[in-house]
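First up is the structure itself, then whatever we jot down about it.
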Amino acid sequence: MVGCWPPIKAISGKNPRALNCAQRADEPPVSPQFLWSDWQGLTGWQPSADVLAETLDGGQAFRWRREAVTSSQISEIWTGTWSGQVAQLRLNHHQLEWRTPAAHYAATAVALPRYLGLDLDHHALVDSLPWRSDPHLARCLVAFPGLRILRQPLGETLLGFLCSATKQIVQIKQMVALLAERHGAASPAATTLPHRLPTWTELAAIPEIDLRACLLGFRAKYIHASAQYLASHPGWLEETEQLPYAAAKARLLTLPGVGEKVADCVLLFGAGQLAAFPVDTWILQSLERRYQLTGWKPAQIAQFGRAHFGPNAGLAQQYLFSWERKFGRHPSPDTAAK
DNA sequence: TGCTAACCTGA
DNA sequence: CAGGTTAGC
């Protein structure tokens with residue numbers, strides 16, 4: 001079973017900022033009260049509900065949860081966590097708003113925009129893609145306006161994608177939720193908030209059998225072995241993060257369980273390396289169907305992707321990926337247009 | 001820059 | 001069968 005966060009009770013009501021509001025005597029002492037900050041507007045990004053969902057829950061990250069809200073004009077709230085941060089996001093009349101446990105406000109106010117990639121000139125990045133000469137790419141860009149590449153912590157991203165082999169997003173989310181719940185530190189703000197993911201040092205101390213108990217299957221062996229390596233090489237991930245794309249990828253590929261696809265995902269979503277072009281089955285399918293690259297092998301597709309889409313190929317990849325998942329479920333002999 | 005099966009588990 | 005990697009032809 002996966003734990004039930006975020007706590008529904010904690011979401012209700014208005015801004016619980018009244019610090020002088022004494023805790024009621026009939027409230028259970030087992031649920032330590034914490035205060036959410038006021039909702040704050042986020043500038044620099046105005047995604048639709050669909051694009052917000054695709055960004056948070058489209059396979060880049062595995063620790064965001066959507067909750068339906070019935071009692072107001074807001075239809076849903078996303079709760080996510082990374083590093084020591086917990087944040088909620090909502091769309092209020094096209095305005096993206098966020099809040100965090102009040103005690104974390106200052107840190108999250110800095111960390112959230114970076115996590116969402118809002119410190120980058122997204123328009124310029126998209127404009128650098130060859131959409132003028134590529135009608136399918138142009139169609140993908142229009143279909144998901146403002147879709148972002150997240151900038152997640154490298155170590156957590158690595159863990160998530162070590163879980164990802166032949167698994168769907170829901171299952172990966174379940175694995176990392178179990179890892180966090182059973183082996184990660186509780187949030188200092190409240191027991192009802194999601195735990196952190198275990199650090200690689202913590203993971204190294206977990207017997208493989210206990211990892212398997214988190215539904216990891218054969219992936220437990222890879223995570224266990226990678227954890228042994230990382231625990232005995234302090235600073236290895238931090239150094240990897242500083243390297244240029246090719247060198248960083250070569251290093252990641254030495255970890256057990258990390259192949260081409262996982263390495264590129266980790267670098268794209270966990271290190272801001274927009275040159276990384278992960279080739280999974282969706283991208284294989286996309287380039288085969290939309291670019292007539294029938295029969296090309298993953299390595300060839302990757303080479304084509306980097307050459308055709310350029311230094312920000314990873315951004316293009318995310319649009320193609322999202323489009324294929326949403327619209328490409330069944331083959332369509334579409335735009336053979338050149 | 002070959003190719004294929006085995007690897008765990010459950011939506 | 002699933003958003004892959006690895007061992008072993």
Side-chain angles (χ1 to χ4, degrees), chain A residues 1-2 53-65 140 144 147 149-150 152 157-179 182 206-229 245-246 249-270 276-290 293 295-307 313-330:
Chain A
M1 289 295 286
V2 176
E54 188 64 24
T55 301
L56 300 178
D57 206 24
Q60 299 189 52
F62 305 108
R63 300 216 66 199
W64 285 92
R65 299 215 175 174
C140 295
F144 299 91
L147 179 67
I149 301 290
L150 298 176
Q152 303 173 77
T157 312
L158 173 62
L159 181 56
F161 283 94
L162 273 173
C163 294
S164 71
T166 62
K167 284 294 177 189
Q168 298 188 323
I169 293 170
V170 279
Q171 299 170 295
I172 302 167
K173 288 173 73 171
Q174 188 167 30
M175 295 178 195
V176 295
L178 281 169
L179 282 170
R182 296 182 181 178
I206 303 173
E208 188 182 323
I209 186 78
D210 294 334
L211 293 176
R212 285 188 177 257
C214 295
L215 311 182
L216 295 183
F218 63 81
R219 301 155 197 83
K221 171 164 40 79
Y222 298 142
I223 290 171
H224 185 75
S226 285
Q228 303 312 306
Y229 181 85
Y245 166 66
K249 182 171 177 181
R251 263 168 80 109
L252 285 176
L253 285 172
T254 67
L255 292 176
V258 176
E260 292 281 333
K261 190 270 183 185
V262 168
D264 275 330
C265 284
V266 171
L267 289 171
L268 181 56
F269 308 131
F277 189 80
V279 177
D280 56 36
T281 60
W282 290 105
I283 289 300
L284 228 36
Q285 205 165 102
S286 169
L287 294 221
E288 172 166 343
R289 289 180 180 168
R290 320 300 162 199
L293 303 186
W296 288 42
K297 304 294 176 285
Q300 299 173 300
I301 293 291
Q303 191 168 339
F304 173 89
R306 287 190 292 270
L315 183 60
Q317 181 271 356
Q318 201 57 27
Y319 282 89
L320 296 189
F321 174 88
S322 294
W323 193 95
E324 206 61 34
R325 278 210 319 157
K326 186 162 184 177
F327 303 114
R329 292 285 176 177
H330 57 84

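Here the structure is a predicted model, which means the values were calculated and not measured. Reminder, nothing fancy here: chain letters follow the sequence lines and each chain counts from 1.
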*Quick one, which residues of residues 280-287 of chain A touch DNA chain B with a heavy atom under 4.0 Å?*
none
*With the side chain counted from C-beta on, respond yes when A/Cys140 and A/Arg290 share a heavy-atom pair under 4.5 Å apart, and no when they do not.*
no
*Under a criterion of less than 4.0 angstrom to any heavy atom of chain A, what are the 5'-terminal and 3'-terminal contacting nucleotides of DNA chain B?*
B/dT1 to B/dA11
*Would you confirm whether A/Tyr222, through its side chain, and A/Leu162, through its main-chain N or O, come within 3.5 Å as a donor-acceptor pair?*
no
_Counterpart residues, side chain to side chain contact (heavy atoms under 4.5 Å, CB included), relative to A/Ala213 (two or more places apart)_ = A/Arg182
_A/Thr166: side chain to side chain donor-acceptor pair (under 3.5 Å) partners, not counting sequence neighbours_ = A/Arg219
*Mind checking A/Val170 for me? I need base, sugar-phosphate or nothing, with any heavy atom below 4.0 Å counting as a touch.*
nothing
_Steps toward side-chain contact (heavy atoms from CB on, under 4.5 Å) verdict (A/Val266, A/Val258)_ = CA-CA 9 Å; A/Val266 171; A/Val258 176; 6.0 Å; no
*Does any N or O in the side chain of A/Arg289 come within less than 3.5 Å of the main-chain N or O of A/Gly328, such that one atom is a donor and the other an acceptor?*
yes
*asked:* Can you check the distance between B/dA5 and C/dC1, where both ends of the measurement are the C1' atom (answer in whole Å)?
replied: 15 Å
*Does A/Thr254 reach the main-chain N or O of A/Arg251 with its side chain, forming a donor-acceptor pair under 3.5 Å?*
yes
_Restricting to side chain to side chain contact (heavy atoms under 4.5 Å, CB included), what partner residues turn up for A/Ala220, sequence neighbours left out?_
A/Glu208, A/Leu211, A/Arg212, A/Leu216
*asked:* Run A/Val279 and A/Asp264 through side-chain contact (heavy atoms from CB on, under 4.5 Å) and show every step you take.
replied: CA-CA 8 Å; A/Val279 177; A/Asp264 275 330; over 6 Å; no
*For A/Gly160, answer base if it contacts any base atom (sugar-phosphate contacts may also be present), sugar-phosphate if it contacts only those atoms, and nothing otherwise; contact means non-hydrogen atoms under 4.0 Å.*
nothing
*With a 4.0 Å cut-off on heavy atoms, is A/Gln303 in touch with a base, just the backbone sugar-phosphate, or nothing at all?*
base
*Tell me, please, which residues at least two apart from A/Ser322 pass side chain to side chain donor-acceptor pair (under 3.5 Å).*
A/Glu54
*Check whether any side-chain N or O of A/His224 sits under 3.5 Å from a backbone N or O of A/Ile206 as a donor-acceptor pair, and report yes or no.*
yes
*List in numerical order all residues of residues 251-259 of chain A for which some heavy atom is under 4.0 Å away from an atom belonging to DNA chain C.*
A/Leu255, A/Pro256, A/Gly257, A/Val258, A/Gly259
*Apply the test side-chain contact (heavy atoms from CB on, under 4.5 Å) to residues A/Cys265 and A/Thr157: give CA-CA distance (whole Å), side-chain angles for both, the deciding distance (0.1 Å), then the verdict.*
CA-CA 8 Å; A/Cys265 284; A/Thr157 312; over 6 Å; no
*For the residue pair A/Leu252 and A/Val262, establish whether any side-chain heavy-atom pair is separated by less than 4.5 Å.*
no
*Go through the structure and list residues passing side chain to side chain donor-acceptor pair (under 3.5 Å) with A/Glu260, not counting sequence neighbours.*
A/Lys249
_Taking B/dT1 as the reference, what is the distance to C/dG8 when you measure between their P atoms (whole Å, please)?_
23 Å
*Where along residues 210-226 of chain A does a heavy atom come under 4.0 Å from DNA chain C, residue by residue in number order?*
A/Phe218, A/Tyr222
*Hey, is the main chain of A/Gln60 close enough, under 3.5 Å, to the side chain of A/Gln152 for a donor-acceptor pair?*
yes
*For atom P, what is the distance between B/dC8 and C/dA7, given to the nearest Å?*
13 Å
*What residues, two or more places apart in sequence or in another chain, satisfy side chain to side chain contact (heavy atoms under 4.5 Å, CB included) together with A/Ile169?*
A/Asp57, A/Phe62, A/Lys173, A/Arg325
*Mind checking which nucleotides bracket the chain A contacts on DNA chain C, 5' to 3', with an atom under 4.0 Å from a heavy atom?*
C/dA2 to C/dT6
*Just by distance, do the side chain of A/Lys326 and the backbone of A/Glu324 share a donor-acceptor pair under 3.5 Å?*
no
_Checking the side chain of A/Gln228 only, and the main-chain atoms of A/Ala225 only, is there a donor and an acceptor separated by less than 3.5 Å?_
no
*Just the dot-bracket of DNA chain C, please: which string comes out with Watson-Crick or G-U pairs under 3.5 Å, [ ] for crossing, | for another strand?*
||.||||||
